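Presented below is the structure to which this report refers.
What you see below is based on every heavy atom in this structure, not just the backbone, and it leaves out hydrogens, waters and symmetry mates. Everything quoted here is computed from the prediction, not taken from an experiment. Residue numbering restarts at 1 for every chain, and letters A, B, ... go by the order of the sequence lines.
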2 protein chains.
Amino acid sequence: MLFGNYIRERREKRKKSDPRYSLRQVASRIGVEPAYLSKVERGDVAPPSEAKIIALATELDEDPDVLLALAGKVSSELQDVIRQRPELFAQLIRELKELPDHAILRVVREIRDGDW
Amino acid sequence: MLFGNYIRERREKRKKSDPRYSLRQVASRIGVEPAYLSKVERGDVAPPSEAKIIALATELDEDPDVLLALAGKVSSELQDVIRQRPELFAQLIRELKELPDHAILRVVREIRDGDW
DNA sequence: TGTACTGTGTACTATACAGTACACATGTTA
DNA sequence: TAACATGTGTACTGTATAGTACACAGTACA
């Protein structure tokens with residue numbers, strides 16, 4: 001799924017029941033020109049900046065990390081965490097790379113519940 | 001520690017015992033102009049691209065992830081891993097953010113040794 | 001003492017990024 | 001049917017990124 005298609009789909013869905021989700025109004029609320037959002041939704045230009053993507057996520061009630069991923073980006077907040085301890089996190093992420101979702105979820109839960 | 005200072009320090013150290021580590025020769029081996037590497041080492045310009053930083057890491061036998069971190073970057077390879085499963089990794093990284101090094105290392109080891 | 005190598009200052013450049021501004025045709029509604 | 005709202009095409013812009021090219025002064029050494 002491409003970023004633009006996904007956004008358009010989500011926005012149009014909301015528009016059905018709420019006219020406040022017209023392209024123009026959403027564009028205005030996230031602070032871009034309508035022509036630009038139009039091009040973004042049609043994949044005519046690259047996805048917007050991280051800040052605009054997060055605004056869009058809030059607006060459409062989507063997970064910002066997922067939208068950023070669709071846009072080929074990783075949240076700068078997460079990048080900052082990694083940059084604080086690059087060896088540790090690099091090792092961890094490479095270790096987890098091949099594991100199935102449920103294994104990673106198990107790690108997340110163990111950390112949340114355990115006495116780390 | 002700034003990226004440029006660090007690189008210069010490491011390079012000069014090697015240069016003491018091996019004249020192949022002059023600024024010019026290293027620049028040539030990693031494929032940039034000497035004037036540029038000079039500016040990079042003095043922090044006169046921003047750190048180079050990911051590819052050049054990795055070449056530099058290889059050249060100076062440093063950890064690429066550490067050099068990238070000093071340059072304010074995160075390896076695109078790690079970013080790709082995160083982008084494959086954004087929710088999962090975002091959750092995990094935020095969870096680990098506050099934990100001390102030894103706790104994260106424990107996770108890494110458990111994954112490596114265990115039956116995940 | 002001249003040749004070769006060292007690091008550096010100045011000027012320039014090509015490409016990507018992240019949009020704006022305005023005009024236009026079509027559609028809706030009061 | 002006038003006023004307003006909708007999405008989109010075209011043209012343009014400022015800033016950042018990632019460097020190159022060339023000249024120059026100082027140092028080493030043969």
Side-chain angles (χ1 to χ4, degrees), chain A residues 2-57 59-60 64 67-68 70-76 79 83, chain B residues 2-57 59-60 64 67-76 79:
Chain A
L2 298 170
F3 179 82
N5 296 152
Y6 186 78
I7 292 301
R8 167 142 301 187
E9 205 177 76
R10 294 285 103 191
R11 187 182 56 74
E12 297 270 290
K13 186 147 198 173
R14 285 176 163 260
K15 194 184 158 195
K16 277 183 199 161
S17 57
D18 188 343
R20 293 178 62 258
Y21 288 89
S22 78
L23 185 149
R24 270 170 189 269
Q25 293 196 39
V26 169
S28 155
R29 285 199 297 276
I30 69 168
V32 299
E33 290 295 311
Y36 180 54
L37 182 56
S38 168
K39 279 174 284 192
V40 166
E41 288 193 351
R42 285 170 301 125
D44 195 15
V45 299
S49 66
E50 178 173 345
K52 302 298 183 190
I53 292 174
I54 290 170
L56 214 35
E59 189 60 39
L60 301 175
L67 286 196
L68 286 168
L70 281 174
K73 301 176 197 266
V74 169
S75 135
S76 58
Q79 295 198 41
R83 287 197 307 102
Chain B
L2 298 170
F3 179 82
N5 296 151
Y6 187 78
I7 292 301
R8 168 144 298 186
E9 205 177 77
R10 293 286 105 190
R11 187 182 56 74
E12 298 269 288
K13 186 147 198 174
R14 284 175 164 260
K15 192 184 159 194
K16 277 183 198 162
S17 58
D18 189 343
R20 293 178 61 259
Y21 288 89
S22 77
L23 184 148
R24 270 170 189 273
Q25 294 196 38
V26 169
S28 154
R29 286 200 296 278
I30 68 167
V32 299
E33 290 296 311
Y36 180 55
L37 181 56
S38 169
K39 277 172 286 190
V40 166
E41 287 193 351
R42 285 170 302 122
D44 195 14
V45 299
S49 65
E50 178 172 344
K52 302 297 182 191
I53 291 174
I54 289 172
L56 214 35
E59 189 61 39
L60 300 176
L67 285 195
L68 286 168
L70 281 174
K73 301 176 199 264
V74 169
S75 135
S76 58
Q79 295 198 40

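Residues from residues 40-57 of chain A lying near DNA chain D, meaning a heavy-atom separation below 4.0 Å, are A:Arg42 in numerical order.
Residues B:Glu12 and B:Lys39 each lie close to DNA chain C; by heavy-atom proximity, the contact nearer the 5' end of the strand is made by B:Glu12.
Taking side-chain N and O atoms only, B:Gln25 has a distance below 4.0 Å to OP1 or OP2 of C:dT6. Note on B:Ser22: a side-chain N or O is less than 4.0 Å away from OP1 or OP2 of C:dG7. Using a 4.0 Å cut-off, some side-chain N or O of B:Arg11 falls inside it from OP1 or OP2 of C:dG7. Contact between the side-chain N/O atoms of A:Arg8 and the OP1/OP2 oxygens of D:dT8 is found at a separation under 4.0 Å. Between A:Lys73 and the phosphate of C:dA18, there is a side-chain N or O to OP1/OP2 separation shorter than 4.0 Å.
B:Arg24 and B:Ser28 share no donor-acceptor pair across their side chains, judged by distance under 3.5 Å alone.
Checked against D:dG9, D:dG7, D:dA23, the side chain of B:Arg24 finds its nearest nucleotide in D:dA23. For A:Pro34, counting side-chain heavy atoms from C-beta on, the closest listed nucleotide (C:dT8, D:dA18, D:dT8) is D:dT8. Of the candidates C:dG7, C:dG19, D:dT8, the closest approach to any side-chain atom of A:Ala35 belongs to D:dT8. Nearest to the side chain of A:Tyr36, among D:dG7, D:dA21, C:dA18, sits C:dA18. Set against D:dT20, D:dT8, C:dA18, the side chain of A:Ser38 has D:dT8 as its closest nucleotide.
Distance check, rounded to the nearest 0.5 Å: NZ of B:Lys52 to CG of B:Leu37 gives 11.0 Å. The CD atom of B:Glu59 sits 7.5 Å away from atom CG of B:Leu56, with the distance rounded to the nearest 0.5 Å.
For the pair A:Lys15 NZ and C:dG27 P, the computed distance is 13 Å after rounding to whole Å. The distance from atom CD1 of A:Ile30 to atom P of C:dA18 is 14 Å, rounded to the nearest whole Å. Rounded to a whole Å, the CG atom of B:Leu37 is 12 Å from the C1' atom of D:dG19.
At least one side-chain heavy atom of A:Ile7 sits under 4.5 Å from a side-chain heavy atom of A:Leu67. In this structure, the side chains of B:Arg20 and B:Arg14 stay at 4.5 Å or more apart for every pair of heavy atoms. Side-chain contact check for B:Leu68 versus B:Val74: every heavy-atom pair is 4.5 Å or farther apart. Taking the side chain as every heavy atom from C-beta outward, B:Lys15 and B:Leu23 never approach each other to under 4.5 Å.
The strand DNA chain D forms stems, runs of 3 or more Watson-Crick or G-U wobble pairs with distances below 3.5 Å, at C:1-30 with D:1-30.
Electrostatic pairing of B:Glu41 and B:Arg11 counts as a salt bridge here, judged by a charged N lying under 4.0 Å from a carboxylate O.
No donor-acceptor pair under 3.5 Å is formed between the side chain of B:Arg10 and the backbone N or O of B:Tyr6.
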